[in-house]
Amino acid sequence: MAAINAVTDLSVEGDIGVVTLDSPPVNALSALVRQGLKAAFEAAIADPAVKAIVLICAGRTFIAGADISEFGKPPVEPSLQAVQQVIETSPKPVVAAIHGTALGGGLETALVAHYRVAVPSAKAGLPEVNIGLLPGAGGTQRLPRIVGVEKALEMVTSGQHVSAKAALAMGLFDELVEEGGLREGALAYARTVLAERRPLKKVRDLDAKVEAARGRPEIFAEFRKANARKFRGFLAPERNIQCIEAAVNLPFDEGLKVEHGLFLELMAGSQSAAQRHVFFAERQAARIPDVPEDTPTLPIRKVGVIGAGTMGGGIAMNFLNAGVPVTIIEAKQENLDRGVGVIRRNYEATAKKGRLTEDEVERRMGLLTPSLRLEDLADCDLIIEAVFELMAIKQEVFGRLDQIAKPGAILASNTSYLDIDVIAAATGRPESVIGLHFFSPANVMRLLEVVRGARTDKTVIATAMRLGKTIGKVAVLVGNGHGFVGNRMLAERQREAQKLILEGAMPWDVDRVLYDFGLPMGPFAMSDLAGLDIGWDPTQSSSSTVREVLCEMDRRGQKTGAGFYDYDENRVARPSPIVEQVILDFAAKAQIERRRIDDQEILERCLYPMVNEGARILEEGKAIRASDIDVVWINGYGWPVYRGGPMFWGELEGLGKILERMRQFQAALGDDFKPSALLERLVTEGKGFKDA
Ligand code: 3H9
């Protein structure tokens with residue numbers, strides 16, 4: 001075996017040259033990898049003893065793509081295209097041997113090989129769209145030539161990975177070899193290619209499938225229409241579609257030029273920068289400075305969930321999905337039955353859509369034990385409380401758990417606002433108490449806020465963070481404080497939204513501005529969906545807010561057919577003249593002089609205080625880093641990923657500009673806009689949140 005460079009080897013076995021890449025963790029195409037690949041292929045091509053070449057990777061995966069950490073930096077030679085050129089024009093057949101995930105530039109490298117073999121567990125995909133890009137090394141031109149236009153459109157705009165079996169069926173892989181036997185399988189395949197004198201199959205020359213779509217622009221029009229909602233606000237899906245159109249309508253090399261131009265455009269834009277930021281932010285969130293990666297964790301073999309309402313049921317499903325048995329507790333049989341029924345119906349609905357087998361539904365339901373007795377949680381390793389959000393109730397539950405739970409069991413609260421230390425104080429083991437704040441619907445939303453109490457043990461924190469990954473969540477460690485990170489910042493936006501409608505805007509103005517910004521819905525549409533009467537007590541109601549007045553009028557949201565909006569029988573919202581009058585009357589009574597409020601002010605008033613509050617959270621050490629706050633907002637509140645999260649967006653907007661506007665608002669409207677000390681300091685020092 002001859003080392004080509006630090007990450008690449010070339011060995012010759014019989015008459016086959018084997019190029020091996022070994023660049024952990026994921027063999028990404030860094031400059032060193034590109035240099036090694038190019039040199040190794042050149043050497044193999046030049047070696048007369050080599051008749052065919054196998055490209056294989058060491059470690060957990062085939063090449064998982066370009067090295068994202070190099071993006072935005074000056075390019076280093078050779079380019080990936082130069083490497084591809086050497087491989088594709090090799091006069092000797094090249095076989096790519098794939099395990100793990102062949103993604104992005106990795107799949108594009110495999111696509112210039114003449115043949116591709118893989119193990120059954122391998123996956124392939126072009127996920128560039130997820131980081132606001134498109135495959136920039138010929139992927140948009142080669143993929144449709146193999147899999148056809150419809151399938152290619154789907155793959156490049158969803159970024160989804162396809163299984164080896166599917167890849168084989170589509171012709172993306174030529175052969176599957178035995179699991180664990182990739183090297184031998186690929187060598188055998190290369191020998192067959194030689195023995196049978198198979199041609200040097202170049203994907204670029206396969207025109208049939210793109211020709212079949214030529215002159216049929218409706219394919220693209222329909223695809224755009226069908227996905228308009230999903231793609232709203234994003235640039236990359238549209239640019240990916242344009243590349244596939246180019247593959248259909250232009251000669252290969254012209255198509256490559258279109259792809260290259262659009263790739264550079266996306267790379268230079270703020271959306272891709274934001275999405276790349278989120279990619280690394282989500283991985284960074286797992287790192288906790290004072291809880292090292294080798295901190296021991298506790299085994300979680302059995303989970304208890306207290307409360308079988310919407311939240312408790314959703315939480316339980318996460319564990320059932322991951323194969324962890326759950327005991328779910330309710331106080332009354334009928335509530336227990338209802339909760340268990342909802343879980344079953346959710347699974348059955350998924351099965352109906354073909355995304356779960358009937359057997360799997362039964363297997364998951366079989367892991368669920370409903371009970372009316374808290375004592376049945378005695379053997380659980382983790383108990384999550386999801387009961388009514390009232391401190392006295394939480395304390396009572398934790399006091400009882402302290403008596404029941406086995407030593408060392410983790411006692412978690414799903415509270416969204418309450419003080420985790422006060423809850424912990426109800427037990428004699430505060431070191432075992434932690435907050436696990438799930439977001440509704442808990443089986444769907446990816447965010448898990450892990451709330452660290454003053455005395456929470458590091459083992460408990462490490463276990464909670466690992467658990468997040470096990471159940472497919474993005475776990476973010478936050479400090480204890482009212483509303484933690486997400487809801488604390490949300491409160492800023494909600495307060496301003498309520499003030500804006502009294503000062504001159506209407507609910508639909510505020511909602512439109514935030515929707516256009518990219519959020520899934522505005523605060524008033526959200527209230528209508530959730531129900532205006534959450535936390536509303538009819539016996540205490542005194543028309544003191546617009547919301548109270550609406551509840552008193554039985555306009556309690558979508559469920560009553562009216563809330564901030566009027567709804568028709570299909571639940572389509574319309575601005576409500578009644579609500580308009582309620583707001584005008586309310587403002588008059590409160591002696592608020594209404595004025596015209598433009599969209600810019602709505603946006604600034606709703607979002608700048610959030611950035612400011614995020615800075616305050618950082619200042620208080622309630623979040624480890626600004627990017628953690630971004631991860632919270634993207635995964636828990638629908639902040640558009642192409643805007644990178646509130647802190648990333650705040651920097652893009654300009655911290656200086658935000659500070660200036662906060663000061664102006666403070667002068668005009670009061671201390672709700674008081675700038676945080678951190679914001680002031682960063683602006684004075686010309687720094688960003690990373691330097692906080
Ligand atoms: C592209 O290819 C553009 C081309 O079309 C055009 C070129 C001209 N770069 O996720 P994990 C790191 S764009 C750099 O925890 P898993 C990651 O940060 C690229 N680093 O593991 C982490 O580091 P750390 C298209 C990368 O097993 C470590 O590897 N490709 C890259 O859960 C482990 O990652 C993609 O978008 C990268 N490309 O999942 C694929 N990928 O330990 C992106 C990973 O320091 N990657 N790292 O935090 C993934 O989807 C997943 O990482 C993968 C493994 C499925 C591969």
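We count ligands from 1, going down the list as the structure has it; atoms in each ligand are counted the same way. Any value given below was found using the heavy atoms of this structure, including those in side chains, with hydrogens, waters and symmetry copies removed. Along the sequence shown, the residues carry numbers beginning at 1.
The side-chain hydrogen bond (donor to acceptor under 3.5 Å, both in side chains) check on E150 picks up nothing, with sequence neighbours excluded.
The residue Q284 has no part lying near ligand 1, judged by heavy-atom distances below 4.0 Å. Of the heavy atoms in V26, only side-chain atoms (C-beta onward) come closer than 4.0 Å to ligand 1. Contact annotation: for A66 versus ligand 1, heavy atoms closer than 4.0 Å belong to both the backbone and the side chain. Residue I131 touches ligand 1 through its side chain alone, judged by heavy-atom distances below 4.0 Å. Counting heavy atoms under 4.0 Å from ligand 1, residue E293 does not touch it at all.
Atom 15 (O) of ligand 1 has its closest protein heavy atom at R283 NE, 3.8 Å. Closest to atom 14 (C) of ligand 1 among all protein heavy atoms lies D67 OD1, 3.2 Å. In terms of protein heavy-atom proximity, atom 30 (N) of ligand 1 is closest to A64 O, 2.9 Å.
Aromatic ring orientation, Y637 versus W633: parallel (interplanar angle below 30°, classes split at 30° and 60°). Classified by interplanar angle (parallel below 30°, tilted 30° to 60°, perpendicular above 60°), the ring pair F223/F231 is tilted.
For the pair R276 and F71, the cation-pi test (distance below 6.0 Å, angle within 45°) is failed.
Annotation: the span from R224 atom CZ to E245 atom CD amounts to 4.0 Å, rounded to 0.5 Å.
Residue T101 places no N or O, backbone or side chain, under 3.5 Å from any N or O of ligand 1.
Less than 4.0 angstrom separates some heavy atom of P135 from each of these atoms of ligand 1: 5 (O).
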